[in-house]
Visitor: 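The structure that follows is given in the form of structure tokens.
In each ligand, atom 1 is the first atom listed, and ligand 1 is the first ligand listed. The first residue of the sequence shown is numbered 1, and numbering continues consecutively from there.
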Amino acid sequence: MPLACDRCGAEIESESSAYHVVIRIYAGVPDTLPWVSPDECEAEIDSLVDSLEGVDPELIERDVHLEMSFVLCRRCKEIFAADPLNLPLDSSGGTIPDSI
Ligand SMILES: [Zn+2]
């Protein structure tokens, strides 16, 4: 089965012409945790469980860890790599020359 670019849909002739992008997003954790008594800890857990009541478990998981992978053609890899955060051109630190 031929590969197709996940961004533009172009057919990718072979695996050696494909570029794989893996994005992993995960929530940060504090460097240190405050000491709490077992009772305070249990109350905090109960409060957290109550606040998550009725929330889709998949949404909860996506909030703390999300992994995506894409296959790109060479052109789309260049576009993605040039600005992976989709920043406005003027805030990327570069300037656009008046002429080349
Ligand atoms: Zn593409």
Side-chain angles (χ1 to χ4, degrees):
M1 182 173 164
L3 289 170
C5 175
D6 287 326
R7 184 173 179 273
C8 74
E11 185 176 323
I12 299 173
E13 292 181 21
S14 66
E15 176 63 30
S16 62
S17 301
Y19 293 87
H20 297 269
V21 177
V22 178
I23 299 173
R24 186 165 55 118
I25 304 168
Y26 56 96
V29 293
D31 293 335
T32 59
L33 296 173
W35 186 90
V36 293
S37 71
D39 288 342
E40 290 172 315
C41 184
E42 189 170 325
E44 193 168 324
I45 290 171
D46 288 344
S47 173
L48 180 61
V49 169
D50 287 346
S51 71
L52 297 174
E53 182 91 22
V55 178
D56 183 344
E58 190 173 317
L59 289 178
I60 297 169
E61 183 178 339
R62 287 176 60 95
D63 191 51
V64 295
H65 182 261
L66 178 61
E67 191 163 313
M68 298 175 273
S69 62
F70 305 99
V71 175
L72 300 177
C73 68
R74 182 177 184 79
R75 179 179 177 274
C76 289
K77 183 271 293 182
E78 292 297 332
I79 293 169
F80 176 79
D83 187 12
L85 297 179
N86 197 26
L87 298 172
L89 286 175
D90 60 342
S91 70
S92 64
T95 57
I96 300 172
D98 293 332
S99 62
I100 298 177

Visitor: Please say whether more than 12 non-hydrogen atoms of neighbouring residues, nucleotides or ligands are located less than 6.0 Å from CD in E15.
Guide: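 Yes.
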Visitor: Are M68 and I25 side-chain neighbours, meaning at least one heavy-atom pair lies under 4.5 Å?
Guide: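 With C-beta onward as the side chain, the pair touches.
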Visitor: So which protein N/O/S atoms does the Zn ion (ligand 1) have within less than 2.8 Å?
Guide: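 N, O, S partners closer than 2.8 Å: C5 SG, C8 SG, C73 SG, C76 SG.
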Visitor: Answer yes or no: are there more than 12 heavy-atom neighbours, outside E58 itself, under 6.0 Å from its atom CD?
Guide: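 No - once you tally the heavy atoms of other residues, nucleotides and ligands closer than 6.0 Å, there are 12 at most.
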Visitor: Less than 4.5 Å apart, any side-chain heavy atom of S17 and any of C73?
Guide: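 They are not in contact (no side-chain heavy atoms under 4.5 Å apart), so the answer is no.
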Visitor: Show every side-chain hydrogen bond (donor to acceptor under 3.5 Å, both in side chains) that has at least one partner inside residues 29-43, sequence neighbours left out.
Guide: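 For residues 29-43: S37-E40.
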Visitor: Apply side chain to side chain contact (heavy atoms under 4.5 Å, CB included) to residues V71 and Y19 and explain how you reach the verdict.
Guide: CA-CA 6 Å; V71 175; Y19 293 87; over 6 Å; no
